[in-house]
Structure formats: C-alpha cells, structure tokens
S.K.: 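So that we are looking at the same thing, I have put the structure below in structure tokens.
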Amino acid sequence: PREVWSRPTKTPAAPIIPPPHHHCNGLLASRQRRPQISLSPPCAAVVERSKKMAASNLEGVLLGMGNPLLDISAVVDEAFLAKYDVKPNNAILAEDKHLPMYDELSSKENVEYIAGGATQNSIRVAQWMLQTPGATSYMGCIGKDKYGEEMKSAAKAAGVTAHYYEDEAAPTGTCAVCVVGGERSLIANLSAANCYKSEHLKKPENWALVEKAKYIYIAGFFLTVSPESIQLVAEHAAANNKVFLMNLSAPFICEFFRDAQEKVLPYADYIFGNETEARIFSKVRGWETENVEEIALKISQLPLASGKQKRIAVITQGADPVVVAEDGKVKTFPVILLPKEKLVDTNGAGDAFVGGFLSQLVQGKSIEDCVKAGCYAANVIIQQSGCTYPEKPDFN
C-alpha cells in the first residue's frame, strides 16, 4: 500500500528550538508533529497477486526421490511379531519368511491401505504444510496395477507432481505396518520400487523436475535401489548451489549399505536421523560414543564435497528434544509432548518431522522455525493412523 502524505502548501520557516528543559518544549513538540500517514488497505487484487507470486516462487521448489510403497497397516499383538521374527519399532526389508505376513495383515478387520514410503511421506507432508499446489515433486517406481493407480491418485490429491516409473513386470511395492501399543514395525517388500533406473531420471521431462528444484531430499532407503540416481542429483545440487538433504533412515542402512552411504554423504547439506540410527552410525564408524549430541556434532563435521560450505545434522529422539549440530555447536529443541491416550501410532512420525522441517526450509525460515514445524507435523501424524493428516494444517 502507498503512503499518502498531507503536504503543506508553503514551506514553513525553520522552527525555533528552545534550549533543553524549557517549559514550552512539550507545546512546541505537539505543534511540530509529523503529518499523519494514511495507509490504504490492500485491495483484493493486490492480495491475490501477492499469493500468486509466492506460489510461483515455490513451484517445484522441493523434489523427493525414493521407494513408493503402499502401507498395509493393522494393529497386531506381540505374538504376531514373534511369529515373523520382527523386532518392535524397527524397519527392515522383507525376506521369504515375511511374505505370508502381507496376506495375514490384509485379512484383519482393522487393516488400512495408505500411500507411503519414507520419502513420499515427507514430500506429502511438506506439500500439506505449504498448501501451494505443485510446490513439491516426486519420483520413484511403481507397478502397472491397481495399487499403482491408487498411488498416482493419492499423489495427485495431495498436490504433489509425481513422475513415477511404471514397471511392466513387478507389482507395486508394499510395506507391512505392524502396530503394537502405538509403536510401529515396518517390513518393506520393495517389488517394483526396487526397479527404479537412472534412465528414467535422465529423460528430459523428469530431469526438468531436478532442474527446477532448489531443494532435493532423499531417504537412505533409496541407497538400496538406485545409488547412481542419487549420485546424479547430488552432483547436480553441488554444481548448481542447491540444497541436498539425506536421511540415515534405518539401522540396517547404516550397517549394510555403508559404502553407498559414504559416497553420497559428502554432498549432503543436511543429514536427518533418529537416535537409534545415529548410535548405529557411530558404532559402525568406531566413534566409541552413544551420546547423541556428540554423534550429531561428528556427523555435521564429516568431510564435504567440493563446493559445499557446511553441514547441519538433525537427530530426533522420540519424546526427547531434537538435537541440531551446526558450525561446531549443538542446540536442543523440545518436542510437543502428547498424552499417551491420544497416541494412535508412530508410523510416519520421523517422515512427518522431515516434511514439516522442509516446508519451512524452502521458504528461507530459521532452523528454529524448521524444527518447530517438524515437531508440529510429527505431533499431528501420531494422532492419525499412518502418515495421514487433516485437510489443512494449523501451524503458526
């Protein structure tokens, strides 16, 4: 809005300023007040134009790449976990012994089917927080089947621009989500998700998403599928001064995919993880500490690729404070505590934290604001079944 000044018709003579503490100072001051400013309220057209400009600045700003999986989620008991040799609150890849689990979960009355996969969850939550259609995009591999069609519909409904590679032979990947006492155990049967090829990424219409993005996020799970694709976008981000973000994702990634992880982490401006993953990461590297703050600091100080200035490590700890290591210093931020009776399940909590964090980061907000948004999103998601959310966020 313009400022409208009321201007005098003549230039007034210079005022006579009395000496300090003169009794008429107050009177003169009142006579010499600056003219009043009249601010016109912004018209609807100006407000709408501002919204469109903000939306255009965010279009395609965030890209995610990962393993799209359809979550098959159900509440089970500890005997069910024991039957399939599954540890509570863990994430693993399915073996032959786990395959009958999917049909057994599907037969349960309380079963739910939710479009998931770690990176896709984070991207969907970021999109929800931003409330700007097309601000986010995503790539991964699905099958040409009913579950694949559901995945495409879910991405479109969420406002995410999804360019899936559709495999002709393999079925869409699934993830068994076994919920016991609010805690979740994840067993991923990657199927088509395991078939992603860098050739899909290199196609002009898909590489255009990489070119447009200013922030690129990939969960560590994708290291098991297409490390070549990760390397391509990581090098692109470094060469074009973009922000590249990775997640430790699971203890087994830190243990059994260390070589692939070591190759890409130098490009990461941000590394996310939880306390369990951080401790395994430390153990594998012989750091001889289980102190999460010390580990976060060491992660932030790992070698950087050429052109990278610094790294920030962000470690969540469930109900305990979030640990952030940056510039040789560690800060902790409290989470939003939730009464146990309001907890539905923790599936997607870490993914939601990252999504909330990214939603503010892409807008240039402070680390503190990013963490607050992450904690808000995680708090919302754990009160829902799976990584789902209400129509609109209520975050300030």
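FYI, the numbering just counts along the sequence from 1.
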S.K.: Taking atom NZ as the centre, does K242 end up with more than 12 heavy-atom neighbours from other residues, nucleotides or ligands that are less than 6.0 angstrom away?
M.R.: yes
S.K.: Start with the C-alpha gap between Y376 and F395, add the side-chain angles, then the distance that decides, and say whether ring pair (Phe, Tyr, Trp, His ring centres under 6.0 Å) holds.
M.R.: CA-CA 7 Å; Y376 164 80; F395 174 74; 5.5 Å; yes
S.K.: Using only heavy-atom distances, determine whether the side chains of Y84 and E104 contain a donor-acceptor pair under 3.5 Å.
M.R.: yes
S.K.: Would you say the side-chain atoms of H200 and N206 include a donor-acceptor pair closer than 3.5 Å?
M.R.: yes
S.K.: Is it true that, when you exclude K202 itself, more than 12 heavy atoms of the residues, nucleotides or ligands shown sit nearer than 6.0 Å to its NZ?
M.R.: yes
S.K.: For the residue pair T172 and D145, confirm or rule out a side-chain donor-acceptor distance under 3.5 Å.
M.R.: yes
S.K.: Side chains of residues 212-219: which donor-acceptor pairs under 3.5 Å do they make with residues two or more places apart or in other chains?
M.R.:
residue: K212; atom: NZ; partner: E59; partner atom: OE2; Å: 3.4
residue: Y215; atom: OH; partner: L361; partner atom: O; Å: 3.3
residue: Y217; atom: OH; partner: N247; partner atom: ND2; Å: 3.0

S.K.: When you compare the side chain of F252 with that of F221, does any pair of heavy atoms fall below 4.5 Å?
M.R.: yes
S.K.: Given R258, which of E262, E255, Q261 fulfils the side chain to side chain donor-acceptor pair (under 3.5 Å) condition?
M.R.: E262
S.K.: When the ring centroid of F272 is compared with that of F357, is the distance short of 6.0 Å?
M.R.: yes
S.K.: Check the surroundings of atom NZ in K146: do more than 12 heavy atoms from other residues, nucleotides or ligands lie under 6.0 Å from it?
M.R.: no
S.K.: Is it the case that the side chains of E112 and S73 hold a donor-acceptor pair, with the cut-off being a distance below 3.5 Å and no angle test?
M.R.: no
S.K.: Is there a salt bridge (Lys or Arg N to Asp or Glu O under 4.0 Å) between K97 and D85 once you walk through the steps?
M.R.: CA-CA 9 Å; K97 65 183 179 183; D85 192 22; 2.9 Å; yes
S.K.: Should E293 and K331 count as an ion pair when the cut-off is N to O under 4.0 Å?
M.R.: no
S.K.: Under 6.0 Å from the CD atom of E391, do we count more than 12 heavy atoms belonging to anything else shown?
M.R.: no
